[in-house]
Amino acid sequence: MSAPAFPTRIFSGIQPSGGLTLGNYLGALKRFVEKQDEGIETIYCMVDMHAITVWQDPEKLRQQTREGAAAFIAAGIDPKRSILFNQSQVTAHVELGWIFNCIARMGWMSRMTQFKDKAGKNSENVSLGLFAYPSLMAADILAYKATHVPVGDDQKQHLELCRDIAIKFNNDYKVDFFPVVEPVIEGAATRVMSLRDGTKKMSKSDPSDQSRINLTDDADTIAKKIRKAKTDPEPLPDNLADLKDRPEAKNLVNIYAALAGHTAEQVIKDYAGAQFGTFKPALADLAVAKLEPITLEMNRLMQDTAEIDRILGEGAERADTIARPIVDQVYDIVGMIRSRRG
Ligand code: TYM
């Protein structure tokens, strides 16, 4: 059998635009660790260039990038087995991002719901970078010819665009150069919702801190936020279908399932008929048991920021070794003269 054209390689990224939440942990980090532990080649990135598409205070950006890297490691990413780095240290991303700006169409970008949500009524006044965001994201992935991208549900449309860019590049230049990536959106918590409103995504940018669990929250704060989470007065049903119009209850069941590594079906069977007075303390105990060790390890790692910077630098060098020749080939395909010495 001949080798597959594009060997399996995983890439994913997280923005250091704020502290990480339970949504980032369950929808992304936890699954990144699972992929690493399955022995697949895994490349993970703190996407600082994406973060500055909206204003970031420089000192906070540095702090959040290190904290994000600490969260990766505390959650189980081993910087020897995975490549872990920050995007701005590998220039191949922005170089390929520019080329993709010339491949992607204005119409494609205008349909991105995340852009529309972020820009709101203010689209004249947001940065050009925010509009071009998804083409840099495609460059992150394709600079490594990654084939699989684990993400939460909110990134689905961006990954469809990444597929469109790869297909158009291959067609325009009559090559079979880029893989058409597969989004990996799986598990019970692909969309963790706000603790205050079950119809809104849990987000680091929500003005209410009560709406989310931060990876920096201590055990007491986690337990309090879960106890105060919005719910309804009904007990839990014995099947998932009956949670259809109960977004807050459904969210807590999904969070429990993802934390426990069970399916939502299993959780609903175990807690059929239970009141939230019983279910919430059980969820709080589980959340603290799973998250507290990560928070403590993050705090320990953050004591030595020079070591975090060293790990990111080493990861960037390894990332560059893969991305550089791929982007050099792209220049060649596109028709750029590359005669500079050294
Ligand atoms: P970001 O930083 O918003 O989120 C990082 C990851 O966390 C997931 N996530 C969630 N999953 C479940 N429930 C939630 N409430 C929740 N909130 C966030 C996101 O889906 C994501 O997987 N554009 C990306 C960053 C990026 C990227 C990439 C991702 C840049 N380049 C290349 C993959 C590949 C973003 O803003 O993620």
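Just follow the structure's listing: the first ligand is 1, and inside any ligand the first atom is 1. Here the structure is a predicted model, which is why all the values come from computation and not from measurement.
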Task: Within residues 290-302 or reaching into it, pairs that qualify as salt bridge (charged side-chain N to carboxylate O under 4.0 Å, His left out) - sequence neighbours excluded - done: Glu297-Arg300

Would you mind writing out the side-chain donor-acceptor pairs for residues 63-72 within the sub-3.5 Å range, not counting sequence neighbours?
unit_1: Gln63; atom_1: NE2; unit_2: Glu67; atom_2: OE2; d: 3.3
unit_1: Gln64; atom_1: NE2; unit_2: Pro16; atom_2: O; d: 2.9
unit_1: Thr65; atom_1: OG1; unit_2: Leu61; atom_2: O; d: 2.7
unit_1: Arg66; atom_1: NE; unit_2: Asp309; atom_2: OD1; d: 2.8
unit_1: Arg66; atom_1: NE; unit_2: Asp309; atom_2: OD2; d: 3.4
unit_1: Arg66; atom_1: NH2; unit_2: Asp309; atom_2: OD2; d: 2.8

Open item on the list: If the criterion is any heavy atom closer than 4.0 Å to an atom of ligand 1, which residues make the list?
Closed with: Phe11, Ser12, Gly13, Ile14, Gln15, Gly23, Asn24, Gly27, Ala28, Val47, His50, Tyr133, Met137, Asp140, Ile141, Val149, Val151, Gly152, Asp154, Gln155, Ala189, Thr190, Arg191, Val192, Lys201, Met202, Lys204

Open item on the list: A side-chain contact here means heavy atoms from C-beta on lying under 4.5 Å apart; do Val288 and Ile226 qualify?
Closed with: no

For residues 89-101, which side-chain N or O atoms pair as donor and acceptor with protein atoms under 3.5 Å away, sequence neighbours left out?
unit_1: Gln89; atom_1: NE2; unit_2: Asn86; atom_2: OD1; d: 2.8
unit_1: Thr91; atom_1: OG1; unit_2: Glu95; atom_2: OE2; d: 3.1
unit_1: His93; atom_1: ND1; unit_2: Asp140; atom_2: OD1; d: 2.8
unit_1: His93; atom_1: NE2; unit_2: Tyr144; atom_2: OH; d: 2.8
unit_1: Glu95; atom_1: OE1; unit_2: Arg324; atom_2: NH2; d: 2.9
unit_1: Glu95; atom_1: OE1; unit_2: Tyr331; atom_2: OH; d: 2.7
unit_1: Glu95; atom_1: OE2; unit_2: Arg324; atom_2: NH1; d: 3.0
unit_1: Asn101; atom_1: OD1; unit_2: Ser135; atom_2: OG; d: 2.4

Task: Step-by-step salt bridge (Lys or Arg N to Asp or Glu O under 4.0 Å) determination, Lys225 to Asp209 - done: CA-CA 9 Å; Lys225 284 180 178 175; Asp209 193 58; 3.0 Å; yes

- [ ] Taking all non-hydrogen atoms of both residues into account, name the closest pair between Gly13 and Val47 and its distance.
- [x] CA-CG1, 4.4 Å

